[in-house]
Each structure stands twice: as C-alpha cells, then as structure tokens.
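The structure's right below; bear with me while I get my questions together.
Sequence lines set the chain letters: A, B, ... in the order given, protein chains first and strands last, and positions in each chain run from 1.
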Amino acid sequence: MATDLTAAITRVHQQEWARVVAGLTRRFGDLDIAEDAAAEAFATAVERWPADGVPPNPGGWLTTTATRKALDRIRREAQRDTKHQAALMISDDTPHVANGPIDDDRLRLVFTCCHPALAPEARIALTLRMIGGLTVAQIAHAFLVQETTMAQRITRAKAKIRAAHIPYRVPSTADIQERVTAVLAVVYLIFDEGYLAGEGDDALRVDLSDEAIRLGRLLRNLLPDDGEVTGLLALMLLTDARRAARVSRTGELVTLADQDRGAWNRSLIAEGHALVRERLSAVAAGGPAPGRFQLQAAMNAVHTAAPDARDTDWSQIVALYDRLVAIDPSPVVRLNRAVAIAELDGPAVALAQVDRLGEWLEGYHAFHVTRADLLRRLHRSEEARTAYDRAIELAGNPAERAYLSRRRDELR
Amino acid sequence: MARYLMSVFGPTEPAEFGPYDSKEEVLQSFADTGAFNDKLQREGYFVFANGLEPATTATTVDGRGDKPVITDGPYLEAKEHLGGFWVIEAPDLDVALALAAQGSKACGNTVEVRPFHTEESFDAMLNGD
C-alpha cells in the first residue's frame, strides 16, 4: 500500500473513530455493537480504499458502512431471537436532543467510559478503546498486562454499563464539574503512563502520551469554556514539548535544569503558552479560580519561558505552588513546593520542610530523590548517599536509576 | 426503567445503637428512613422495602441432595451482613446512585446498588453473548 494512503487511513482513523463509535452507540444503545461495527468498517476501508481511493467524505462513508454492518449483525441476532430489536432496523429515529449542556455523541461516550461506577483502570481501558480507537492488544501492551486480562476488563465494564443502565449522556450542569474532573483524571493518567516510561525502545508508551494529547484536544473542542480542560491540554503540551530532551543518548534521565533547551519542541511550547495566556485572561476577567491543571500548566509555562534554567522565575513558581497547596495540601504537592523553595530560599530551608513529610512519603521514591539532592547541596554526603540508595531502590524505570546511581557515585 | 436492589449492610454483631451513638439518633434515622420511603413512593421509584432481623436469626438450607441439609446461620461467614433493602425502579444508574446516596444518609449505613436480571440479559446469557 502506498505510504501516503496508509498515512491517510491512519489520519482518518484518528479523526473519525470516536465519532463513528459514538454515533453508533447513540443509535443502537450498545457499546459492543458500536465498537464491532466501527472496527469492521475500518477493516473494509483498508481493503477497499487502495483500489477505490479515499472517498470524499471518509467520515460519512465509515458511518454508513458501520451502520450497515451493525444492522446486519442485529438482523442475524434477530433471526436467532425474533422478538429483538426489530424497530431499530427501519431507520435512525433516535432524536438528536441535547440532554446535557453540550450535545455531542463523543462527549457522551467519554462520560460513559469514565463513569464513577466503573473501576479507574476500566475507565482508562474503555476510553482508550472506545474514544482512542486503540486495539485491546495495544492497550494490554501499554499497561503490561495479558491481552486476555485486558479484554476481560473491557468486556466486564461494557457488561456493567449495559446491565446497570449506565446512561449514555453528558451529565447535568449540576454534576458536570465533578464528572469532568474524573474524565480529566483519566486523560492525565494515560498521559503520565506514556510520559513516565517514555524512554527506551518501547514506542507504544510514547503513543499513549500522544493519545492523551489527542483526547485533550478533543475535550477542549467539546468543552472550550472549561478552564481545567484547557489547563490539562496546556500542561500536557508543555510537558511533552520537553520529551526529546528528557533522556540522554546513554539512556539516562536528564533533569529540567540540565536539559538541552534547544531540543525542546518550540511549536508545542508556543501552543501551550497561548492556552495558559487564554486562561490567565479568563481568570483576570473574573472567571472561576484556576484548578490544579491550570496551576500546573502555569508552572510549566514559567519553566519553558526561561531561556536558561538560571533564568527561571522561582518566586512565580512558589506563588503558584502556594495556590496549589491551598486547593490540595497533600504531602506530594508540598514536596514539590519544597523543591521550588530550595531554589528561592536555599536547600536548608527546603530540607526542613521536606523532612516534615517523611511520615507520609517514606515509601515514595521522589521524596528520597529530593532529600538526596538537598543533602548533596548541603555537603552532607553520608546522609545523601543513604537517601540515594533508598531512592534507587524505589525508582521505577531504568533511566531514572541510571541518573540516580551516577549522582550517588559522584558524591565524595 | 430498570429495577435495582439497594442493599443495606451492617455489622453482624451490632453495637447497642447500631452505627449511632444514642437512642435519639436511632429514632432520628428511623424517621429519616421513613421520610425517604415516602419520597420514593411519591416520586414513583418505590417497589418494595424492608429491614431484616439480625443475620444470627438466619437459617441456611441446601436442598440439592436427597434430603435438605439445614444449618443455623447465614450462608456466608462475614463481619457484615445484609440488614435491609429497597427495591426501586429508576430510568438509569445515575438516578439509582443519587437515591442510594439519600437512602444511605437516612439509614446511616453503606448501600450497595445492583441491577436485577432482565429478559434481555437472560437472553444474552442463553445466547452466550
């Protein structure tokens, strides 16, 4: 198949998958039918388009083809069990009523996949499958579980949606805030999963970050006025912009201060900064106070605005952390604030704050990484070495272990 | 409309006033639960509701063999047991969960929401879907 045709089909798949699945879900009220029919329609496209060419309206073609596949399946099942679904076969008479603040099939599907009655890992898997269009094998691979395990997780979630009548709709205005938070948490977890382990030869985890950003763009498209939606997208863009500089050629993690800023992706940074500016003006114009994603995006905007690590405006970062601590006083947030304090007020002040968090964070590797670094800067080498040892023991990925081991061995 | 069982769980060996600190609080929860039942009836969700005697009063019967085996006590050994339930009809799970939250607050216990089998789900099971 010609490369440009493959690229075209990939692009159509990315752009149209969620729309096709979501439209079919509305019409047939069943995630299984929608997903299978959409998958069959894309398979047909891969067969036909090389000979027939990409149709002028690929989305429409796919929806029509998928609808036909779904009707075929329902007819087959109806013969097996005659009472069923006859009415559905005639025409699409489901009204396109807005039963939530925003009327878009894809948005309804996102809220269905991220329903609080589903386990968090099921929400992630369903979102990646139904909205992202990843195969079950890809999702299983990304989360390091057996394909059968992932297939079961998705099947069980879909069965619960059907049996428990989890509604296919955007929540009411009263509930939407809380439910959007759950949706954003899922998208951010997907991003993080791809980003944290984004090094090495496993390309699929990078795909996860890309997928999360694509979901973030879709959500912003659907909910342009939600500040946290915009904040999350900006945060992901500004984080992802540094991807190429995060790992050295020898596979070692490179911290923000030491990254080659020339390797950062300038267009992602520009896009992220524009989104952060948009939120700043909205807040300045009397909009609601920024939530955690907007604050984190703003911090990343401060970092990425500095031409050199030494130019970082740490007082801004600390001020943003103060606001974050006000809405989330968790030990992890306070630990991150202490890292910024070290730059502003020195390592001794920061260490005193960090040591107060040991009670909660003893098992958290970033706690020991931070302590090790502060102790090193205070020339307390013996204690620093012990802290590095503990951090290496707890660190999850090889790039980080390599970095920490070198830092430890450099101590004298 | 879908039919849901909302089960209320509580400790097998209840404290003197159950999950409450005083007799007054117990009476208040009875009143709140009664008001919640009235609301379910008024708004058309109510099918049936009742409380159960403690699990220690249960008897378990296995009638699958030649003659039934009768055992004193509940089917499962557990620290918490079913203490009462509502059967409701609601358009979807969001409505059922909102009602369960009100019921839980009224009676002072955790509530499990579970859909009943339907003709469709039974068909699906028989057809191996």
### Flag if over 12 foreign heavy atoms under 6.0 Å of OH, B:Y75
no
### Summary
Residues at least two apart in sequence or cross-chain that pass side chain to side chain donor-acceptor pair (under 3.5 Å) with A:D328, listed by chain then number, are A:R292, A:S330
### Query
B:A2 and A:H165: which non-hydrogen atoms are nearest, and at how many Å?
CB-CD2, 3.4 Å
### Point-to-point distance, once rounded to the nearest 0.5 Å, from NZ of A:K160 to CG of B:L93
7.0 Å
### Query
Where do A:A164 and B:P115 come nearest, in terms of heavy atoms and distance?
CA-CG, 3.6 Å
### Message
Going by the rule side chain to side chain donor-acceptor pair (under 3.5 Å), which residues pair with A:R217 if we only count those two or more places apart in sequence or in a different chain?
### Response
A:E271
### Least distance between heavy atoms, A:R179 atom then B:D94 atom
NH1-OD2, 3.9 Å
